[in-house]
Protein chains: 2
Amino acid sequence: MARNLREHILQTASELFYRQGIKATGVDTIVKATGIAKMSLYKYFPSKDDLVLAHLQRSREIMRAHILSGIEARTSDPKQKLLAVFDVFEEFLETPSFRGCPFINASAEFAEEASPIQQAAAEFSESFRKMLAGLAQEAGIAETNAEELSKQLSMLISGAMVREQMQRNSKAMLTAYAAAEVLIEKSLADAPIDPATA
Amino acid sequence: MARNLREHILQTASELFYRQGIKATGVDTIVKATGIAKMSLYKYFPSKDDLVLAHLQRSREIMRAHILSGIEARTSDPKQKLLAVFDVFEEFLETPSFRGCPFINASAEFAEEASPIQQAAAEFSESFRKMLAGLAQEAGIAETNAEELSKQLSMLISGAMVREQMQRNSKAMLTAYAAAEVLIEKSLADAPIDPATA
DNA sequence: TTGAAACTATACAGACCTGTATATATTATG
DNA sequence: CATAATATATACAGGTCTGTATAGTTTCAA
């Protein structure tokens, strides 16, 4: 049961944290939803903060895998991969359970700058941007431009998630997609690298 | 004293809500910070929710005025006004007390979709976007394109605020500015309206 | 100066929160 | 079967939260 129980708790808590917010979800609510005993929860997660951090780690891993496999499933063309990221996110935004970005929300809920939760959110955000920068370079954009472009694309995605959270069914990610196309074209025109000579 | 006291409470609460988060700021904390009696607070604001809503209204009005006067102070050229919005926000992001967008944060803290707080955040977001759409039309962009552009620019600004909140001193708004320039140019090239004939 | 309105001070009710203590039941393993 | 680990059930300690009750003080105006 060991690993199963831990996983069951984490899965349930993760879903509640995302749906209702972290501070709005009490430990007792999680206990009731899992059907386990409170003591068991505290055995696997010594404090609520530990559970929250595990939830962010888990979300990070799920999103990472989901994005990567989503890209692979859509295209193998380096340039198209950048746009495929937006397709993956569009799908995410259209799920009925969408409630914004778990990391943006966590960052808003935990204001203290040094907080481990704040830090975990920042780490995901940066690692995601780096993935975009990698894709941009593979698409033939020089490093400096790829860095700048990756920041712009990640901001578009964050902005679209925030917009969709507030204005439901606004198709925000489609609008972001169109902007991304323009920005990517511009980056390619600005400083292309001939893949043959790179 | 009447209006003064109400204003004093609201000002203090607003600052604490923004700095620490809304749920993390208790009524007693506000009472202590203002130096007033708790009964006085509950006289002017029958519940904490009322105070939170007043805080959002207040923030909305302050931001609106700040943006408009910031634009006026910078340029009178319609096209430059769109970019001036990014300058105003850049200044905001560079203040040491910057802690993200009050409306994005409130939206993240209060998950329930129908919540008045969620609604207030959505209303600000939409009114801000409409302002951008107005500026875009004044700059000679046709309505349909102006609508689309305004969504893209507002997402860039939201995204930059989120990024700066997580990665402090990342100059996110400068990166957003560069993206905005490209998107605005594209919109102008796509479907310009001759101001003389419009 | 007298009386009403506004403000303060303090205490507290009742709910909720995290985390723990304790005693019991279930499961796995020798 | 016996023993140890694992999970459960229940209660509760100690804290914080929103909101109210009550009594006293200041302010201001007639």
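Predicted, not measured: the structure shown is a model, and the values here were computed from it.
Taking atom OH on A:Y42 and atom P on D:dT8, their separation rounds to 16 Å, with Å as the unit. What separates CG of B:N4 from P of C:dA6 is a distance of 15 Å, to the nearest Å. For B:F17 and D:dC17, the CZ to C1' distance is 13 Å, given to the nearest whole Å. For A:H8 and D:dA7, the NE2 to P distance is 12 Å, given to the nearest whole Å. The separation between A:K43 atom NZ and C:dT26 atom C1' is 13 Å, rounded to whole Å.
Among residues at least two apart or in separate chains, ring pair (Phe, Tyr, Trp, His ring centres under 6.0 Å) pairs with a member in residues 120-160 of chain A are A:F89-A:F128, A:F103-A:F124. For the salt bridge (Lys or Arg N to Asp or Glu O under 4.0 Å) condition, the pairs that include at least one residue of residues 23-39 of chain B, sequence neighbours left out, are B:D28-B:K38. Within the structure, salt bridge (Lys or Arg N to Asp or Glu O under 4.0 Å) contacts touching residues 104-116 of chain B (residues at least two apart or in different chains) are A:R168-B:E113. Pairs engaging residues 11-40 of chain B under the ring pair (Phe, Tyr, Trp, His ring centres under 6.0 Å) rule: B:F17-B:H55 [sequence neighbours left out].
Using a 4.0 Å cutoff on non-hydrogen atoms, the parts of residues 23-39 of chain B near DNA chain C are B:I36, B:A37, B:M39, ordered by number.
Not counting sequence neighbours, the partners of B:F92 by the ring-ring contact (aromatic ring centres under 6.0 Å, His included) test are B:F98.
Here the options are B:E164, B:K171, B:R163, the test is side-chain contact (heavy atoms from CB on, under 4.5 Å), and the partner is B:Q167; only B:R163 passes.
Here the side chain of A:Y44 is nearest to one of D:dA7, C:dT18, D:dG19, namely D:dA7.
Contact annotation: B:S40 side-chain N/O to C:dC7 OP1/OP2 distance is not under 4.0 Å.
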